[in-house]
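Below: one structure, written as structure tokens.
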Amino acid sequence: MDVVNQLQRQFIDNSASLHREGFLDDQFTQLQKLQDENSPDFVVEVASLFFEDCEKLINNMSRALEQQQGVDFKQVDASVHQLKGSSSSIGAVRVKNICVAFRSFCEAQNREGCLRCLQQVTHEYSLLKNKLQTLFRLEKQILAAGGSIPGVE
Amino acid sequence: MTVERIVSETKDPFPVGMRVLAVDDDPTCLLLLETLLRRCQYHVTTTSQAITALKMLRENKNMFDLVISDVHMPDMDGFKLLELVGLEMDLPVIMLSANGDTKLVMKGITHGACDYLLKPVRIEELKNIWQHVVRRKKFDRKDRNNSDSKDKPHADSGEAAGIGKADNNVKINKKRKDQNEDEDEDLDENGHDNDDPSAQKKPRVVWSVELHRKFVAAVNQLGIEKAVPKKILELMNVEKLTRENVASHLQKFRLYLKRISCVANQQANMAAAVGTADSSYLRMGSLNGLGNFHAFAGTDQLHNAAFRSFPPSGVLGRLNTPAGLGIRGLPSPGTIQLGHAQNSGHSSNDQSKLQSLVPGNHNTNILQGMPMSLELDQLQNNKGVTHIGELPTANSTAVFPVSGSLIDSRIAGFSNNSLGVTSNSLMLEGSSQQATLHASNLRDGVSSIGFQNVNTLSDFASIDPLSSQLRDSKADLQGQAAPINCNAGPMIRSVPQEWNAPYQSHLMSCSVNSSIPVNGAMVQLDQCLDRNNSIFHRTMDSDSIGPLNFVDPLSIEHSEGLNSAAMKPPVIEKEGYLMYQPRPHGNHIPDNIGSLEDLASAMMKQDRDKGNPTNGNFGHNSYSHRTCI
């Protein structure tokens with residue numbers, strides 16, 4: 001019981017901080033609400049997909065931006081656009097915001113700006129991934145200990 | 001889309017269970033979307049590839065009710081998918097994108113998306129997407145019905161059924177709109193009778209010549225105005241023919257009549273006015289009632305001008321073509337200008353064309369005109385108005401009335417009456433009279449008109465001869481034209497009685513406009529003939545009937561029928577007016593006889609083909625009305 005409470009408290013703290021720091025927004029909460037007995041691992045699934053996707057896109061972008069001959073900004077833009085879409089779907093606010101800036105650099109065909117953004121995106125993504133993984137771990141532990149996941153709010 | 005729909009799950013669980021196809025290359029979004037949709041109790045299928053989606057959709061069109069697609073996809077542009085789905089499957093498509101730029105949204109809408117959602121998608125938004133399915137079903141049905149019969153108040157019978165389960169039907173129906181239109185026309189006509197949504201396909205009835213003849217006879221017997229499907233059916237006494245079939249056929253017939261009368265009028269006018277205006281004349285305005293026969297301007301100038309000024313009636317969509325064959329339907333009274341639908345450009349052509357009847361006019365103007373004449377005839381016949389005969393002035397006058405009415409017609413009046421195309425002869429006659437307008441034109445017009453009528457009614461049979469006669473008669477007409485005009489006026493007035501007042505007015509106006517008011521009719525005939533296209537423009541409905549179909553609705557099948565109908569080929573001898581002899585051509589008026597020429601040729605062909613019963617379908621019968629010349 002104590003363990004569970006502790007875990008739960010941790011969970012709440014983590015969630016709160018994620019939200020507070022702008023890593024996640026309400027969309028994530030919606031995702032959590034969608035999780036039910038029919039899809040108990042929904043959030044984890046979506047997050048996993050997101051991470052995979054993110055990595056793929058970041059790779060695409062860095063490859064494209066590294067082209068010495070000439071950067072295909074259209075391709076970079078397409079990747080950014082997609083990243084923007086998935087990050088907003090999961091509620092990854094920070095990542096999304098960077099994407100917005102990233103896109104304008106693409107339009108301006110500013111390679112430097114793009115590279116900077118790419119760096120930021122990579123950074124934010126890593127941060128988010130870690131925090132979410134911690135959160136998920138906590139969830140599992142709570143459930144394993146017989147507790148229930150406290151609502152974010 | 002009422003709440004009750006959702007509530008009444010017992011009867012119709014829709015929107016629960018609505019089948020959605022979700023397409024998005026982003027796995028995260030796709031999974032989210034799928035989950036959200038499932039949460040809304042829809043049945044979801046997902047794919048990350050647009051190509052796969054298309055394949056799935058093509059395999060079975062009825063598998064889905066709705067498609068949600070991302071805009072940015074690697075293998076295919078979302079908009080492209082949207083277009084394809086809309087065209088091929090006619091399903092509602094919702095676009096999804098992280099980018100909410102107004103431009104993009106606009107693009108989505110113009111490509112046919114029924115909605116545009118922004119990512120991240122919220123469940124609240126997805127909860128309402130079923131409205132698009134319902135809306136489409138409703139509209140499909142309505143459109144289908146409406147198109148058939150301008151505004152049939154067809155209720156939701158179809159829609160209701162269509163919704164939900166009948167999705168397929170609706171969709172299918174929509175796709176087969178054209179086909180169904182014929183079948184569903186009865187819906188329009190007698191909406192009440194047909195409770196079944198188009199979903200219920202009845203076996204198509206082929207209106208053979210014989211059948212059509214019976215039909216026309218019945219119609220004539222009853223009188224175009226009194227001809228109701230039920231009575232017609234009784235009179236026809238044909239087994240296995242339903243009231244709906246008759247209603248549908250009647251509708252087409254009426255349109256046809258309208259068209260021919262318009263055309264006739266136009267031609268006459270045109271011929272008179274323009275002499276050449278082939279196309280315009282025939283524009284006689286969609287017979288449907290466009291009655292824009294402005295064209296009666298008679299004189300050449302008028303002709304051109306008339307046509308030009310003739311605002312293409314909406315109905316005559318085809319007529320509207322730039323050629324503007326004026327003859328769009330008989331213009332409202334007073335505007336009888338030769339209805340030169342064709343305004344500009346064509347007028348000159350038309351003029352020359354008129355004579356040749358082979359106007360290049362585009363669409364059916366001519367045709368339209370023709371039908372009018374036919375209609376007039378019909379009217380006359382039916383009502384016994386053979387005004388033609390009454391026309392004091394030579395045959396021409398007689399012709400006039402016919403044509404006048406036809407032309408004036410706004411043929412709307414006529415066609416509705418579906419007086420039987422038999423009026424072809426009348427029309428022709430009338431037109432011939434009017435032909436005096438341009439003597440040559442008239443001739444052509446008359447002939448054309450004749451053709452047209454014939455074509456449509458398949459009675460046009462005599463178009464060919466008409467044309468020649470018309471030509472000759474043209475000269476005659478000219479002489480007669482003068483007198484005719486005068487006579488025609490009044491005559492026409494009388495003629496239209498049956499059809500509609502508009503006719504009269506038109507006629508009158510025709511005369512007013514051009515010296516050849518009546519001529520206008522004649523001209524129209526010419527034009528009509530020439531304009532095969534225009535006249536046959538079946539006006540508006542164009543559903544399968546192609547512009548030239550004057551007769552489409554009617555004629556095609558009526559070919560023989562018409563002949564037997566009261567159309568008595570009046571005046572034929574004279575100027576060959578519209579020789580109303582019902583040509584068995586089966587109205588081969590090619591559907592889109594672009595120009596009078598086509599029409600004329602169509603007509604000619606018909607002549608040649610005499611004896612070819614129109615195909616039983618109204619559909620595009622190739623009215624070879626071409627040129628009666």
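Letters A, B, ... mirror the listed sequences (proteins, then strands); counts begin at 1. Values in this document were obtained by computation on a predicted structure and should not be read as measured data.
- Here the closest heavy-atom approach between residue Cys29(B) and residue Ser86(A) is recorded as SG-CA, 3.8 Å.
- Gln27(A) touches chain B through its side chain: at least one heavy atom from C-beta onward sits under 4.5 Å away, while N, CA, C and O do not.
- Using a 4.5 Å cut-off between heavy atoms, Asp25(B) contacts chain A through both its backbone and its side chain.
- One distance of note links OG1 of Thr28(B) with CG of Leu49(A); it measures 5.0 Å at 0.5 Å rounding.
- Distance CG/Leu34(A) to CG/Leu32(B): 7.0 Å, rounded to 0.5 Å.
- In the displayed structure, Gln119(A) atom CD is contacted under 6.0 Å by at most 12 heavy atoms of other residues, nucleotides or ligands.
- The distance from atom OG1 of Thr35(B) to atom CD of Glu45(A), rounded to the nearest 0.5 Å, is 7.5 Å.
- With rounding to the nearest 0.5 Å, the separation of CD1 in Ile90(A) from NZ in Lys119(B) is 13.0 Å.
- Contacts with chain B were tallied for Gln82(A), His81(A), Lys84(A); His81(A) has the most, counting heavy-atom pairs under 4.5 Å.
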Mind running salt bridge (charged side-chain N to carboxylate O under 4.0 Å, His left out) on Asp26(A) and Arg122(B) for me, showing each step along the way? CA-CA 11 Å; Asp26(A) 195 42; Arg122(B) 305 290 293 248; 3.8 Å; yes
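- Heavy atoms only, all atoms of each residue included: Asp26(B) and Gly85(A) are closest at OD2-C, 4.1 Å.
- Rounding to the nearest 0.5 angstrom, the gap separating the CG atom in Leu36(B) from the OG atom in Ser89(A) is 9.0 Å.
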Please walk me through it: do Asn99(B) and Arg103(A) pass side chain to side chain contact (heavy atoms under 4.5 Å, CB included)? CA-CA 11 Å; Asn99(B) 190 341; Arg103(A) 286 200 88 192; 3.3 Å; yes
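- Proximity to chain A (any heavy atom under 4.5 Å) is shown, for Leu33(B), by neither the backbone nor the side chain.
- Looking at Gln75(A), neither its backbone nor its side chain comes within 4.5 Å of chain B, counting heavy atoms on both sides.
- Interface residue Leu31(A): only side-chain heavy atoms are found under 4.5 Å from chain B.
- Neither the backbone nor the side chain of Glu52(A) comes within less than 4.5 Å of any heavy atom of chain B.
- The distance from the CZ atom of Arg39(B) to the CZ atom of Phe42(A) is 7.5 Å, given to the nearest 0.5 Å.
- Enclosure of atom NE2 in His111(B) by more than 12 non-hydrogen atoms of other residues, nucleotides or ligands within 6.0 angstrom is indicated.
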